[in-house]
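Ligands are counted one by one from 1 in listed order, and the atoms in each one are counted from 1 as well.
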Amino acid sequence: MPIIESFGPSSDAPSPMPGSGRSAAARKFPVLSAPSLEWNEEVARSTARLYERIKHVVPSVEWPFFAPYVRAINDLKRERSAVILAHNYQTPEIYNCVADFVGDSLQLAREATKVKADVIVQCGVHFMAETAKILNPDKVVLIPDRNAGCSLASSITGDDIRLLRERFPGVPVVTYVNTSADVKAESDICCTSSNALHVVESLGTERVIFLPDEYLAKYVASQTKVKIIAWKGHCEVHQRFTADELRRYRDDYPSVQIIAHPECPPDVLAEADFIGSTAHMIDFVRTKRPRRVVMVTECSMADNVRVEVPDVEFVQPCNLCPHMKRITLPKILDSLLTMQDEVVVDPLVAEKARRAVERMIHLKS
Ligand code: SF4
């Protein structure tokens, strides 16, 4: 079923993040002084087990820089009663060495509801930290770099949704979690790339407004009889892949399995052997164990999966997300020392946004 109409933003460029401030809760925590970041035998010994995990993807020459930060961050997490949530696109030393929970947006949103800690450090982009705050209004949520944005999230505003509702009265709005709290607050239900089709079909309507990723909307439209009204937002990482590039991988590596994220353009998806969310792509590699694979998504994910399956050969296009890459070990350490930047969401907006996120989380599979 084709998309019936697409509306769009004037630009895919991320806009500055909404304000963050220091809540009374965050002010309870004293600013701590920086620990020693010296590389020595003791640090080498205490972090050796962690390096063993990532030695296939992090050169040994880099570990003396990372290890003192890894140790300091893990110590500080205990002191602050903090947990670190890391998205699949984080670099291997973050994902494997300091994160308590890893996953895609849906997995992190679910973990965020269960954490017992006082503080959540979100190693991902701003909308993910907002989602963690929406689901944990009483916890302090920190993001190590408040400028970690997202071209999809910044492609649409709450005002855009209000205008679409005027144009399509009564049509429910399904919003991808890659959106700001304001946008979630104007939506009926959220979805991720793992559950988008299920969410759309769960509403039982002939039409839905599906925002903001146009390519994910097209992919969902190809799988359902529900008519999709889409928005022209794009992920600046996935939209860079081309069908020609994938055909070249197939020519150069005849036995390769090509697995792609549905945020890619339709002609790219047409070249793939498997299409799925980051969680589904990881499951594919874990269970099918292809001899050789290309993951058509953000580059760091292949490094993180390779840690688990060293027997699989990854042919690696390197499209990096500049926003995800703003998060680094030094910034995570600084965030825990200073309790900045705290993510603050207006309580009324948060309450409305929570309804849309929880409706997705509680949807029966
Ligand atoms: S990879 Fe794409 S969707 Fe994910 S944060 Fe970066 S720009 Fe946004």
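Ligand 1 lies less than 4.0 angstrom from a heavy atom belonging to Glu263.
Pairing of Cys318 with Cys299 by a disulfide is supported, the SG atoms lying closer than 2.5 Å.
Ring-plane geometry between His238 and Phe241 is classed as tilted, the angle between the planes lying from 30 to 60 degrees on a 0 to 90 degree scale.
Listing protein N, O or S atoms at distances below 2.8 Å from atom 6 (Fe) of ligand 1, with waters left out, gives Cys321 SG.
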| task | Output, in order, the C-alpha distance, side-chain angles, deciding distance and verdict of side-chain hydrogen bond (donor to acceptor under 3.5 Å, both in side chains) for Tyr89 and Thr297. | result | CA-CA 9 Å; Tyr89 296 162; Thr297 189; 2.6 Å; yes
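Arg247 CZ: more than 12 foreign heavy atoms inside a 6.0 Å radius.
Atom 3 (S) of ligand 1 has as its closest protein heavy atom Asn178 ND2, 3.3 Å.
Applying the side chain to side chain contact (heavy atoms under 4.5 Å, CB included) test between His261 and each of Val268, Val296, Thr278 identifies Thr278 as the sole match.
A salt bridge is absent between Lys331 and Asp334: the closest approach of a Lys/Arg side-chain nitrogen to an acidic carboxylate oxygen does not fall below 4.0 angstrom.
A 4.5 Å side-chain heavy-atom check between Glu245 and Arg248 finds at least one atom pair inside the cut-off.
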